[in-house]
Every structure is written in C-alpha cells, then in structure tokens.
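One structure is given below, encoded as structure tokens.
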Amino acid sequence: MPELPEVEIIKRSLFRMINKEKIIDVRISNKKLRYKLHSSFIKDLIGEKILNISRRSKYIIFYFKNKFLLIHLGMTGKFFIKRIKDNKLTKTSFYYNLNFIRKHNHVHFLLNNGLMLIYNDVRRFGFMKLYKNSELKTNSFIKKLGVEPLSNNLNINYFRQFTIKKKRNIKNTLMDQTFISGLGNIYVNEILFMTKIHPLTKCSNLKNSDISKLIFSIKKILNFSILKGGSSIKDFENISGKKGSFQQFFAVYNKENSNCSRISCTGKIKKIIISNRSSFYCGKCQK
DNA sequence: TTCTTTGTTCCGGA
DNA sequence: GTCCGGAACAAAGA
C-alpha cells in the first residue's frame with residue numbers, strides 16, 4: 001500500500017531514470033483502471049517529452065508541454081522499469097519485450113533512452129488521467145487536497161484552526177485528505193502512538209502541547225520512513241523491485257497483543273475498528 | 001464463501 | 001444546514 005513515503009521514493013526514482021525522456025510508444029493491456037483510460041490516451045502521449053515529475057500528496061504528476069498526467073497508485077499500483085535488451089527502439093522490439101511481462105501489468109511506456117516504464121496494479125484501484133495544463137490549479141483531485149504534511153503549511157495555527165470546533169476523533173481527522181493530504185492508516189497509527197494520544201480522542205479536547213507533538217511526529221515519522229525506503233507490507237516495491245524497511249520499525253501497526261515497545265510501559269497493543277479501518281494503539285500509554 | 005485492504009461517496013442521525 | 005460515522009464500492013487473493 002503506497003502511502004506518502006512510498007510515493008515519494010517512487011517519484012525520486014522516476015525523476016532520476018526517466019525525467020526529460022520522450023515517450024516513443026504506449027501500449028495498454030487493460031484500460032480499465034479505477035477510471036477507464038480515455039480512448040485517445042495513447043495518441044495524446046506519443047511524442048511527448050517528460051519535462052518534470054513531481055509529487056503532491058499521494059499523487060505523482062508527469063508534466064508535458066501542454067498537458068500533465070495525474071497518477072494515483074490506489075492500493076496496489078506500482079511502477080517497474082525494464083531495459084529493452086536490443087538497441088533497436090522499434091515498435092517491434094517494444095512488443096517483443098512485452099512477452100517477459102508479468103501479470104497485472106496494465107500500461108507500458110517506451111522511452112527514447114531504451115527504458116520501458118510499466119504500470120502494474122493488482123487491484124486496479126489506481127488511475128491515470130491526462131489534463132490540459134490550464135487545469136493545474138482547478139483540477140478536482142488537486143484542488144481539494146489539504147496541506148502537504150512535510151511543508152511549513154502544516155503548523156500549529158493551521159492545525160488549531162481546523163480542529164478547534166471539531167467533535168470528530170483525531171484518527172479520522174488525520175486521515176482526512178482535505179485537512180492534511182497524504183496520511184494513511186499505517187502512518188496515522190504510528191503517529192498517534194508516538195504522541196501517546198488515543199485514536200478516539202475528540203479534536204476539541206486536544207491541548208496545544210498535543211498539537212505540537214502531533215506535528216512533530218508527523219514530520220519525524222514520514223521523513224524517517226522515506227530515509228528507510230518506505231514500508232513494504234503486502235507487496236510494495238520501488239521501481240527497481242527493492243523493498244523498503246520502515247515496516248521493521250512499526251510500533252503498533254499490525255501488532256495486536258504485542259507488548260508496548262516503550263521500555264517504561266507494560267501495556268499491550270490493542271486493535272479496534274474506527275470507520276471501517278483497523279486501528280492499533282497501546283491500551284496503557286495512549287490515553 | 002467470506003474477509004481484507006484504501007480512498008471516496010452517499011446517506012441517515014444528531 | 002452542518003457535522004460525523006457507517007456502509008458501500010471498486011478488484012483480487014488468501
């Protein structure tokens with residue numbers, strides 16, 4: 001499940017390997033992703049040069065001269081890059097190499113540096129959509145996103161303002177993409193453990209010191225995970241097929257009945273369901 | 001067969 | 001009207 005750190009790792013690899021390359025050909029094995037690929041998807045991309053690649057929340061954006069490609073990996077979306085073995089960058093060699101491809105590869109991009117970018121998605125909850133550049137600021141997906149958690153826009157004033165009158169619990173609030181964009185279930189569980197805040201705590205009951213701790217933990221945990229190459233639970237791999245290692249550092253996620261990892265605490269990790277999502281917390285030190 | 005997973009949307013209750 | 005949480009949905013594998 002790619003969350004923000006995983007998407008950041010993928011974006012950095014893509015930038016390093018294919019930024020400034022031109023798309024020579026596109027082949028679609030299955031156009032039915034979360035949204036069906038537009039019938040002109042191939043035609044619209046052939047000949048376009050990738051001018052930049054960026055990340056916003058859990059979206060990856062490819063920029064072209066007059067358009068941009070918005071990508072969300074959903075639950076199981078991932079990218080692979082394969083080097084085309086022979087040096088003939090013809091459509092024939094492109095298709096020939098497709099024979100090596102594994103199940104659930106849906107979209108293939110042949111680039112003029114001899115690399116093939118492959119989008120693979122088992123569950124097909126991810127999507128790709130092309131838009132004109134004039135839509136960059138008005139795009140319906142981008143427009144509703146809250147602040148980037150690693151930016152200075154996430155600060156005490158913003159946090160306090162958004163939560164001060166909220167009766168909803170802090171777990172759901174942190175998962176709300178219109179508040180902070182890019183926090184998913186795994187990281188929110190870890191963030192709440194680090195701050196010793198119970199997931200069902202009402203936002204309006206948070207003290208200023210709690211808010212400071214939350215902001216600190218959000219940045220700390222995301223940055224640390226990026227440093228470790230993201231978390232590989234289920235089947236996350238970066239585009240070279242390498243696994244991240246942040247999952248080794250999970251304190252609570254999927255740790256039901258484990259002892260609390262705080263040396264001074266004798267509590268056990270509990271599991272409850274909040275809004276249909278598994279939540280893990282220490283029954284003793286998260287009040 | 002049923003359960004699990006995430007992000008989003010829809011709906012009903014407060 | 002607004003806020004909030006629960007249910008449903010997408011697809012595939014265990």
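Excluded from the calculations below are hydrogen atoms, water molecules and symmetry mates; all remaining heavy atoms, backbone and side chain alike, are included. Chain letters run A, B, ... following the sequence lines, proteins first, then strands; residues in each count from 1.
Ranking B:dT8, C:dG13, C:dA11 by closeness to the A:Arg124 side chain, first place goes to C:dA11. For A:Lys167, counting side-chain heavy atoms from C-beta on, the closest listed nucleotide (C:dG5, B:dT8, C:dC4) is C:dC4. Distances were taken from every side-chain heavy atom of A:Phe125 (C-beta onward) to each of C:dG6, B:dT6, C:dG5; the shortest belongs to B:dT6. In this structure, the nucleotide among C:dA11, C:dA7, C:dC4 sitting nearest to the side chain of A:Arg123 is C:dA11.
Across all strands shown, A:Asn169 has heavy atoms under 4.0 Å from sugar-phosphate atoms exclusively, and none from any base. Across all strands shown, A:Lys171 has no heavy atoms under 4.0 Å from either base or sugar-phosphate atoms. Using a 4.0 Å heavy-atom distance criterion, A:Tyr59 is classed as a sugar-phosphate-only contact.
Within the structure, a side-chain polar atom (N or O) of A:Ser278 is placed less than 4.0 Å from OP1 or OP2 of B:dT5. In this model, the phosphate group of C:dG5 is not approached by any side-chain N or O of A:Asn276 to a distance below 4.0 Å at OP1 or OP2. For the OP1/OP2 pair of C:dG5 and a distance below 4.0 Å, the side-chain nitrogens and oxygens of A:Ser275 include no atom meeting the criterion. A close approach under 4.0 Å does not occur between any side-chain nitrogen or oxygen of A:His104 and OP1 or OP2 of C:dA11.
Taking the six-membered ring where tryptophan is involved, the planes of A:Tyr35 and A:Phe141 are tilted, since the angle between them lies from 30° to 60°. Ring geometry for A:Tyr63 against A:Phe68 counts as tilted: the plane angle lies between 30° and 60°, on a 0 to 90° scale. Aromatic ring orientation, A:Phe179 versus A:Phe159: perpendicular (interplanar angle above 60°, classes split at 30° and 60°).
In this structure, A:Lys271 places its NZ atom 10 Å from C1' of B:dC3, rounding to the nearest Å. Separating the CG atom of A:Asn185 from the P atom of B:dT5 is a distance of 8 Å, rounded to the nearest angstrom. Across the protein-nucleic acid pair, A:His72 atom NE2 and B:dT9 atom P stand 12 Å apart, rounded to whole Å. In this structure, CZ of A:Arg168 is placed 16 Å from P of C:dT2, rounded to the nearest angstrom. C:dA12 atom C1' lies 17 Å from atom CZ of A:Arg34, rounded to whole Å. Across the protein-nucleic acid pair, A:Lys36 atom NZ and C:dA11 atom C1' stand 17 Å apart, rounded to whole Å. Rounded to whole Å, atom P of C:dA11 lies 18 Å from atom CG of A:Asn105. Going from atom CD of A:Gln177 over to atom C1' of B:dT8 covers 10 Å, rounded to whole Å.
Where A:Lys32 and A:Lys202 each meet DNA chain C at their nearest nucleotide, the meeting point lying more 5' is that of A:Lys202.
The CG atom of A:Leu183 sits 8.0 Å away from the CD atom of A:Glu3 when rounded to the nearest 0.5 Å.
Partner of A:Asn169 under the side chain to side chain contact (heavy atoms under 4.5 Å, CB included) criterion, chosen from A:Thr201, A:Leu174, A:Asn205, A:Leu200: A:Leu200.
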